[in-house]
**Student:** 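Following this message is one structure expressed as structure tokens.
In what follows, residues are counted from 1 in the order of the sequence shown.
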Amino acid sequence: MSDRKFITTSGINVLEVYSKQKDISELPGEFPFTRGIQKDMYRGKLWTMRQYAGFSTPEESNKRYHYLLQQGTTGLSVAFDLPTQIGYDSNHALAEGEVGKVGVPIDSLRDMEILFNGITLQSITTSMTINATAAILMAMYIAVAKKQGADIKEISGTVQNDILKEYAARGTYIFPPKPSMRLINDLFEYCSKETPKWNTISVSGYHIREAGSTAVQELAFTLSNGKAYLKAAIEKGLDINLFGKRVSFFFNCHNNFFEEIAKFRAARRMWAQITKELGATDPAAQKLRFHTQTGGSTLTAQQPLNNIIRVTNQALAAVLGGTQSLHTNGFDEALSLPGEAAAKIALRTQQIIAFESGVPDTADPLAGSFFVEALTDQVEAAAWEYIEKIDAMGGAVSAIESGYMQQEIANSSFEYQLEVENGDRIIVGVNSYTDTESIDPDLLRVDDSIRILQMNKLAKVKADRNHADVILKLENLRLAAQGDANLMPLILESVEAYATVGEISDSLRTVFGEY
């Protein structure tokens, strides 16, 4: 008999065998929604199949979107480049070397018009991974929809708009926490009236996990951040039964198959309890709806075709866990932005699970598994321990300002890397089952000349617009930022005058400062 211990990535001990511990009477679609938020789950509607895309120029990204739509993707997911994420135009000195590299550059409304050229926004859902400049990009999306003649009350999708995890794990913030939270609440309030079908925040655990957290930490820190957003909105006078319906989540899915499924099931149960305690009585405001992306940090540059198996494993766990939306990574993403062939295989992975595996045919097919039920309880209990510690500190904002979340993530990341380097954790093709044969996939590269193209386009936009009108709109925004008015209408006016992301961000920087 071996003395070896079997543990999950969160350090939960896995027993040799599990026996029945409790009766499962709960049904899918019933509070606290452990088994899913709909009674029929995928029998009624499959998850939205998204492919995260955005690179080079708005023109090239638009071509990729049309390609993905032709291949059967059912929702768009936009990646923005780093300058756009932190409020710099492509001609800013700090943008050099970064334009179009990890996403699409958006300098002005003209870029957004090109990005969605030929795509009817009212007929598709769009997810935008943007945080510090979320209000600006959302205003641009609304402006494009209006130009298309859409009823903006009917447009649907999600804007990430989750700044707290940027301070804790990712780093693409601009302003200090308090004014950042103000912008988030302004977006909540504005969209609840003007775009009621839009999800105004996607509370993200994905980047927390990518920074090195465990599954339990990802769950606990994400729900703590979500709780902070709820409280901030309630303090502003918003009705949790209304805006709670538009809060969504974005989780990672890594390789420990059963732990990931347990994490998703526990997340729904915990969020239902959190929202109920904060006053939500409408079941729709108590339901945790989430998008999943397979784990980017689990992909390996060595033996990259192995990543297809990893992504399949993770995608299957997400579906068994009850996701509402799913992005599958390309096998080449440890080496570059995903190429067209890799993106197609990633999408086909979802389609094969959906139409060939039989997994979606019944709701929560793993319910009643002795192991899954026990692990769900254990993951939940461990996550509550973290949340109670954070609550005692004064909530997520205080836990981030004190560095608590960051340090916990860093500790877990360090321990994981030690396990890999010591051989205690096997990564196939990296520290075990290695070979010298190399596969050189056709990699997508973004040339630095892209910046010149964007700068020329930006110069033309500035030459063609009404300069005096832009100055007036930006000054109105700056003055409003000094008070407490909702800034979204003024941001939209600035966007429609073709003020740039950088100019609007700078107007707010003069009032809010930088963090």
**Student:** Side chain of T120, backbone of S123: donor and acceptor closer than 3.5 Å?
**Tutor:** no
**Student:** Does a donor on one side chain and an acceptor on the other come within less than 3.5 Å for D89 and T500?
**Tutor:**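 Distance-only check passes for D89 and T500.
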**Student:** Does V420 offer a backbone N or O that forms a donor-acceptor pair with the side chain of R425 under 3.5 Å?
**Tutor:**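 No; zero donor-acceptor contacts below 3.5 Å.
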**Student:** Please test Y167 against S180 for side chain to side chain donor-acceptor pair (under 3.5 Å), starting from the C-alpha separation and ending with a verdict.
**Tutor:** CA-CA 11 Å; Y167 300 114; S180 293; 2.9 Å; yes
**Student:** When you check the gap from the basic side-chain N to the acidic O, do R269 and D377 get nearer than 4.0 Å?
**Tutor:**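 Looking at R269 and D377, the cut-off is met.
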**Student:** Name the one of F290, W271, F264 that satisfies ring pair (Phe, Tyr, Trp, His ring centres under 6.0 Å) with F249?
**Tutor:** W271
**Student:** Counting only heavy atoms from other residues, nucleotides and ligands, does the tally under 6.0 Å from NZ of K236 exceed 12?
**Tutor:** yes
**Student:** Among I201, N199, T200, L288, exactly one meets side chain to side chain contact (heavy atoms under 4.5 Å, CB included) together with V247. Which residue is that?
**Tutor:** I201
**Student:** Does a donor on one side chain sit under 3.5 Å from an acceptor on the other, for Q286 and T275?
**Tutor:**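 No - no donor-acceptor pair under 3.5 Å links their side chains.
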**Student:** Taking 4.0 angstrom as the limit, do E98 and K101 come out as a salt bridge?
**Tutor:**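 Looking at E98 and K101, the cut-off is not met.
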**Student:** Could you go step by step and tell me if T298 and R310 meet the side chain to side chain donor-acceptor pair (under 3.5 Å) rule?
**Tutor:** CA-CA 8 Å; T298 69; R310 292 186 178 100; 5.7 Å; no
**Student:** Do R209's NZ or CZ and the ring of Y416 fall within the cation-pi criteria of under 6.0 Å and 45°?
**Tutor:** no
**Student:** Throw together a table of side-chain donor-acceptor distances under 3.5 angstrom for residues 129-138, partners on residues two or more places apart or in other chains.
**Tutor:**
residue	atom	partner	partner atom	Å
N131	OD1	N161	N	3.4
N131	OD1	D162	N	2.8
N131	OD1	K165	NZ	3.0
N131	ND2	Q160	OE1	3.1
N131	ND2	E166	OE2	3.0
T133	OG1	T84	O	3.0

**Student:** Using the side chain to side chain donor-acceptor pair (under 3.5 Å) rule, take T294 and N329 through it: C-alpha gap first, then chi angles, then the decisive distance, then the call.
**Tutor:** CA-CA 6 Å; T294 56; N329 290 329; 3.2 Å; yes
**Student:** Which ring-ring contact (aromatic ring centres under 6.0 Å, His included) pairs, counting each pair once, include a residue from residues 206-244, with sequence neighbours left out?
**Tutor:** F188-F243, Y206-F250, H207-F250, F221-Y386
**Student:** Counting N and O atoms only, with roles assigned by atom type, does the side chain of R50 sit under 3.5 Å from a partner on the main chain of L76, one being a donor and the other an acceptor?
**Tutor:**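 Side chain of R50 to backbone of L76, a donor-acceptor pair under 3.5 Å: yes, one is there.
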**Student:** For N185 and E189, does a side-chain donor sit closer than 3.5 Å to a side-chain acceptor?
**Tutor:**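 No, no side-chain donor-acceptor contact under 3.5 Å.
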**Student:** Between P365 and T362, what is the shortest heavy-atom contact and its length?
**Tutor:** CD-O, 3.5 Å
**Student:** Hey, are W384 and E380 close enough side-chain-wise for a donor-acceptor pair under 3.5 Å?
**Tutor:** yes
**Student:** Identify whether the distance between the nearest side-chain nitrogen and carboxylate oxygen of E373 and R265 falls below 4.0 Å.
**Tutor:** yes
**Student:** Looking at every non-hydrogen atom in both residues, tell me the closest pair between Q350 and T328 and how far apart they are.
**Tutor:**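 Closest pair (atom of Q350, atom of T328, distance): NE2-OG1, 3.2 Å.
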**Student:** Is a donor on one side and an acceptor on the other found under 3.5 Å between the side chain of R268 and the backbone of T34?
**Tutor:** yes
